[in-house]
Amino acid sequence: SVFTLDPEIAKAVRTTFVSLYKKGLIYRGLRMINWCPRCETALSDLEVDYVEEAARLYFVRYPIVGEGGMPLPDYVTVATTRPETMVADSGVAVNPSDDRYEEKIGRMLMLPIMGREIPVVGDDAVKPEFGTGAVKVTPGHDPNDWEIGQRHDLPVIIAMDLQARMNDEAGPYAGMSAEDARTAILGDLDDEGFLDHVEEYTHSVGHCSRCSTVIQPLPSEQWWLDTRKEYEPGHSLSGDAAAAVRDGRIGIVPQRFEKVYLNWMDNIRDWCISRQIWWGHQIPVWYCENKHTIAAVEDPAACPECGGALRQDEDVLDTWFSSGLAPHADLGWPEETESLRYWYPTADIQMGYDIMFFWCARMVMFGLYNMRERGSEGSMPFRKVLFHGLIRDANGEKMTKSKGNVVDPLIMAEKYGADAFRFAILTGATLGSDQRFSDERMIAARNFANKLWNSARFVLGKVGPREVKSPHPADRESFALEDRWILSRLEQLESEVDFSMRAYQLGETARSIEEFLRSDFCDWYIEMTKVRLAAGDERPLAVLLHALDHGLRMLHPFMPFVTEELWQAVRQRIDGDMAAQLIVAWFPKSGGNWKDASADAAMEHVIEVNRTIRNVRTEKKLEAGARPTVFLRAAGNRWALEETLSATIFTSRVDARVVAADAELPPAEYGFGRVADTEIAVALPEVDLAQERARLEKELAEAAGHAERLKKQLANEQFRAKAPETVVAGMQATMLEAEARASGLRERLEAL
RNA sequence: GGGCGGUUAGCUCAGUUGGUUAGAGCGCGUCGUUCACACCGACGAGGUCACUGGUUCGAGUCCAGUACCGCCCACCA
């Protein structure tokens, strides 16, 4: 692992800085910057959060100055949201095409209160429809005005210090906070009749993303990185970074974020990389007493030009400057290390979409630049970047420290377990979408981990100290129906997992594994093995262990700790080549030749029959301890029902027997059910005929309706012609089953 | 002003090449001390997939539009 201020990283940072400096991409310049008066540092555009705020728009009259410097009774009214900055006004701008002000351009105005004369200039940036169409120009305190000022050569007056207090330029308001100055100035304007009127107004105000203090735009000398400038013909940092995504060398998942990335990259502006804080990499630039400037990787002892004494620039770099180097710097760059050779570029990287610009964009730019000797493929920091969503609080609000609604992962791990926390978040939403934090989900995940633990305990307990050989498909015939079924299901799961993992559908993957383990493995397979194991049949052991082994392997990325712990026990019971740890063990993939369509279909039937038995039990309110006699009048699936009969007897708590479809039932009262061509008759102590009829009618309506819908669909020529064969065939089969069920129920009703 | 996402069971959310009766967990109802698990099990109730129109043999899924919620970007004096 690596720490930002490690010497190796410092070297990478300095090497990058010096290289870019020599190429002329990094420069020092006086520009309008975002200044946080509380942190007392410059910020990049990305570190400013804009918030809509209710404010006021103040309309102030600026008298026109006549010959000899005397104010005329005529005036230009300007609209401003920040009257306190008027002390630093150096002009008033109007749109040159605005008839109202055409003749005013070039005239002088008297700045109220200050008494200074300022010119009226024409500038296209002014929108005639806004306010009065005339805007006061304050180049020292507004980015737009800075631009206008530059175009018209207006002086830059800075009337605030770095803590946002009014300075001597503010005359009578010197020493006041901006807020106090605003109140005082408005009072004075009003007293002297310069305040025309005030309107309610909403606009967005920039705040420091760290401390929420209102940002002051100020002209300041800072270090900048020009990402658009070509460092060699045809290549710029942002141009290359956009191209890499555009031509698919770097894939963004989910894809919709591509547009966001490109939009930002294509409209990128110079990055302010210097900060006036104490923590960070100090800028590797030195100044000598003779005004030489030296950028160097190693600290120079004296000025290489004149030998004079040196002073290092006091600013530090934006931390994202070093973070952006992570993919190659962490591997040892600028040294040609073994790790760098082997691991760069990495395959996948993952982050919240909220740091796409901060981190991802910078990693791409720096990676492509620093590693450019490797060519367009080899220089990329990663091939795929996954953007996950944000965790919001239970009310859907963004988690922030100031709101105090954050969730501490360590506390969650303590409360529910690290695996449960991880699993809940991984399965909580689709990749790229936000999710609400919910304790219910944490509990559910914890319960699943517990369930897994207990199921493994069962398997391991039954296997005992022996070593078991994994089942082999060649021996398929020697396995029971449910064995073949669970192995088939496992293999099907493996294909699904392979598919969804390749598509980066992490949540879907985890959910399908959970579904398999909970439902197929625990609810059905384990339950069905109990009676066999009790009878001394050891064949299920190998299957149990095999399914558990593979399940743990697949679940490992989603629940690393529990699975590793359990697998340590599993690996010792399996006779074969097993890795020392699950984390380095191979990941299952399909191809084991266990798929078995007939077992799938047969078991599905068995499961449905058992469900029906239990349903009748419940509906007829049989006592929990009762073991009613059940006749399964079977046709096509008779063999399957017979093979699993003992499991049915055990898990559905009945005294069941399979008979031929046309077998006579001994005289008794029965509750009936039907699955495809199998009739289920549950002997009952008494039958409420009306209730039984109602139940059967409901079932019949369901089955008949279903069959009817499918029949109609199948009768459609267009459908038969255009739908894929498998769909038609599958529907045909389902329709026949539904019909068999319906006709069986109909017969039963008539018999009643 | 641009761009993007969401709207599916009471709640939180899945549902990726359109295809047989739309799923999970939680919650709810009934039952249960069967030797892995009550952090459990069995059975069940619960959805016109926001709305309108279109394409198609077939639409939660594709297209167009509407409504509401949310996010991102942009120098709205």
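Per chain, numbering begins at 1; letters A, B, ... match sequence-line order. As the structure is a prediction and not an experimental result, all values here were calculated from the model.
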*Asks:* Can you find a side chain N or O atom of A:T430 that sits less than 4.0 Å from OP1 or OP2 on B:G15?
*Replies:* yes
*Asks:* Touch check for A:E702, heavy atoms < 4.0 angstrom, all strands: base, sugar-phosphate only, or nothing?
*Replies:* nothing
*Asks:* If you measure from the P atom in B:G19 to the same atom in B:C62, how many Å do you get, rounded?
*Replies:* 11 Å
*Asks:* Do other residues, nucleotides or ligands put more than 12 heavy atoms under 6.0 Å from A:E604 CD?
*Replies:* no
*Asks:* Starting from C1' on B:C72, measure out to CZ on A:F358 and report it in whole angstrom.
*Replies:* 12 Å
*Asks:* Heavy atoms under 4.0 Å, any strand shown: does A:A721 hit a base, just sugar-phosphate, or nothing?
*Replies:* nothing
*Asks:* Does a side-chain heavy-atom distance below 4.5 Å link A:W271 with A:L46?
*Replies:* no
*Asks:* Please report the distance separating the C1' of B:C40 from the corresponding atom of B:A59, rounded so that it comes out in whole Å.
*Replies:* 40 Å
*Asks:* Identify whether any heavy atom of A:R511 sits under 4.0 Å from a base atom; if not, whether one sits that close to sugar-phosphate; answer base, sugar-phosphate or nothing.
*Replies:* sugar-phosphate
*Asks:* Is A:E739 paired with A:K711 through a side-chain N to carboxylate O contact shorter than 4.0 Å?
*Replies:* yes
*Asks:* Tell me the closest heavy-atom pair linking A:I513 and A:V497, and the distance in Å.
*Replies:* CG1-CG2, 3.7 Å
*Asks:* Using the side-chain heavy atoms of A:E508, tell me which of these nucleotides is nearest: B:C73, B:G41, B:A14.
*Replies:* B:A14
*Asks:* Pick the P atom in B:A14 and in B:U7, then give their distance to the nearest Å.
*Replies:* 8 Å
*Asks:* Please tell me if A:K259 has a side-chain N or O lying less than 4.0 Å from either OP1 or OP2 of B:C73.
*Replies:* no
*Asks:* Under 4.0 Å: is that the gap between some side-chain N or O of A:N454 and OP1 or OP2 of B:C40?
*Replies:* no
*Asks:* So how far is it from A:L548 CG to A:L555 CG, rounded to the nearest 0.5 Å?
*Replies:* 10.5 Å
*Asks:* Is the shortest side-chain heavy-atom distance between A:V137 and A:I148 below 4.5 Å?
*Replies:* yes
*Asks:* Indicate, with a heavy-atom threshold strictly under 4.0 Å, whether A:E52 touches base, sugar-phosphate, or nothing.
*Replies:* base
*Asks:* Rounded to the nearest Å, what distance is computed from the CG atom of residue A:D45 to the P atom of nucleotide B:C75?
*Replies:* 7 Å
*Asks:* Quick check on B:G5: is either OP1 or OP2 less than 4.0 Å from any side-chain nitrogen or oxygen of A:R256?
*Replies:* no
*Asks:* Establish, for the pair A:K530 and A:F458, whether the NZ or CZ atom is under 6.0 angstrom from the six-membered ring centre and no further than 45 degrees off its axis.
*Replies:* yes
*Asks:* Suppose you measure atom C1' in B:A67 against the same atom in B:C28; what distance do you get, rounded to whole Å?
*Replies:* 32 Å
*Asks:* For the pair made of CZ in A:F516 and C1' in B:G25, what is the distance, rounded to whole Å?
*Replies:* 20 Å
*Asks:* Measure from the side chain of A:R457, starting at C-beta and using heavy atoms only, and say which of B:U12, B:A36, B:C39 lies closest.
*Replies:* B:A36
*Asks:* Hey, which sits more toward the 5' end of RNA chain B by its nearest nucleotide, A:E527 or A:N615?
*Replies:* A:E527
*Asks:* Determine the stems involving RNA chain B; a stem requires 3 or more consecutive pairs of the Watson-Crick or G-U wobble kind, each with both distances below 3.5 Å, and the answer is none if no such run exists.
*Replies:* B:1-7 with B:67-73, B:10-13 with B:23-26, B:28-32 with B:40-44, B:50-54 with B:62-66
*Asks:* Give me the atom names and distance for the closest heavy-atom approach of A:T132 to A:A79.
*Replies:* OG1-N, 4.3 Å
*Asks:* Between B:U21 atom C1' and A:M735 atom CE, what is the distance in whole Å?
*Replies:* 15 Å
*Asks:* Please classify the nucleic acid contact of A:R269 as base, sugar-phosphate, or nothing, using heavy-atom distances under 4.0 Å.
*Replies:* sugar-phosphate
*Asks:* Taking any heavy-atom pair under 4.0 Å as a contact, classify A:D354: base, sugar-phosphate, or nothing.
*Replies:* nothing
*Asks:* Distance between the C1' atoms of B:U34 and B:C49, in whole angstroms?
*Replies:* 40 Å
*Asks:* Before accepting this row, confirm whether a basic side-chain N of the pair A:R511/A:E514 lies closer than 4.0 Å to the acidic partner's carboxylate O.
*Replies:* no
*Asks:* Charged N to carboxylate O below 4.0 Å: is that the case for A:R82 and A:E84?
*Replies:* yes
*Asks:* Out of B:U20, B:C72, B:U34, which has the shortest distance to the side chain of A:R653?
*Replies:* B:U34
*Asks:* Any side-chain N or O of A:T618 under 4.0 Å from OP1/OP2 of B:C31?
*Replies:* no
*Asks:* Between the base of B:A77 and the side chain of A:K127, is there a donor-acceptor distance below 3.5 Å?
*Replies:* no
*Asks:* Please report the shortest heavy-atom distance between A:W524 and A:I607, naming the atom on each side.
*Replies:* CZ2-CG2, 3.5 Å
*Asks:* Using OP1 and OP2 only, check whether a side-chain N or O of A:Y261 sits under 4.0 Å from B:C73.
*Replies:* no
*Asks:* For A:R422 and A:F561, run side chain to side chain contact (heavy atoms under 4.5 Å, CB included): C-alpha distance rounded to whole Å, both residues' side-chain angles, the deciding distance at 0.1 Å, then the answer.
*Replies:* CA-CA 10 Å; A:R422 181 190 183 102; A:F561 299 106; over 6 Å; no
*Asks:* Could you state the atom-to-atom distance from CD1 of A:I148 to C1' of B:C76 in whole Å?
*Replies:* 13 Å
*Asks:* From C-beta outward on A:K451, which listed nucleotide comes closest to its side chain: B:C13, B:U20, B:C37?
*Replies:* B:C37
*Asks:* Any N or O donor-acceptor pair linking the side chain of A:E514 to the base of B:A14 at under 3.5 Å?
*Replies:* no
*Asks:* Would you mind reading off the distance between A:E397 atom CD and B:G70 atom C1', rounded to a whole angstrom?
*Replies:* 11 Å
*Asks:* Between B:G6 and B:A64, how many Å separate the two P atoms, rounded to a whole number?
*Replies:* 14 Å
*Asks:* Would you compute the distance between atom OG1 of A:T85 and atom NZ of A:K136 and round it to the nearest 0.5 angstrom?
*Replies:* 2.5 Å
*Asks:* Measure the distance from CG on A:L714 to P on B:U20 and round it to the nearest whole Å.
*Replies:* 13 Å
*Asks:* Please measure how far the C1' atom in B:G15 lies from the corresponding atom in B:G29, and state the result in whole Å.
*Replies:* 28 Å
*Asks:* So, are A:K403 and A:E397 salt-bridged, with charged N and O less than 4.0 Å apart?
*Replies:* yes
*Asks:* Looking for any heavy atom pair under 4.0 Å, which part of the strands does A:V126 touch: base, sugar-phosphate only, or nothing?
*Replies:* base
*Asks:* Check every strand shown and say whether A:S204 touches a base, only sugar-phosphate, or nothing at a heavy-atom separation below 4.0 Å.
*Replies:* base
*Asks:* Dump the pairs, protein N or O against N or O of nucleotides 54-64 of chain B, anything under 3.5 Å, distances to one decimal.
*Replies:*
{"from": "B:C57", "atom 1": "OP1", "to": "A:K722", "atom 2": "NZ", "distance (Å)": "2.3"}
{"from": "B:C57", "atom 1": "O2'", "to": "A:N716", "atom 2": "ND2", "distance (Å)": "2.9"}

*Asks:* What's A:R436 touching, base or sugar-phosphate or nothing? Going by heavy atoms closer than 4.0 Å.
*Replies:* sugar-phosphate
*Asks:* Please figure out whether A:K698 or A:Q732 has its closest RNA chain B nucleotide nearer the 5' end.
*Replies:* A:Q732
*Asks:* Strictly below 4.0 Å: does A:R441 bring a side-chain N or O up to OP1 or OP2 of B:U12?
*Replies:* no
*Asks:* Which part of the nucleic acid does A:G461 contact within heavy-atom distance under 4.0 Å: base, sugar-phosphate only, or nothing?
*Replies:* nothing
*Asks:* Which of the following nucleotides, B:C43, B:C73, B:C39, is nearest to the side chain of A:R611?
*Replies:* B:C43
*Asks:* Mind checking A:R446 for me? I need base, sugar-phosphate or nothing, with any heavy atom below 4.0 Å counting as a touch.
*Replies:* base
*Asks:* Any N or O donor-acceptor pair under 3.5 Å from the base of B:U12 to the side chain of A:S438?
*Replies:* no
*Asks:* Which whole number of Å gives the distance between the P atom of B:C68 and that of B:G60?
*Replies:* 25 Å
*Asks:* Under 4.0 Å between any heavy atoms, over every strand shown, what does A:K530 touch: base, sugar-phosphate, or nothing? Just pick one.
*Replies:* base
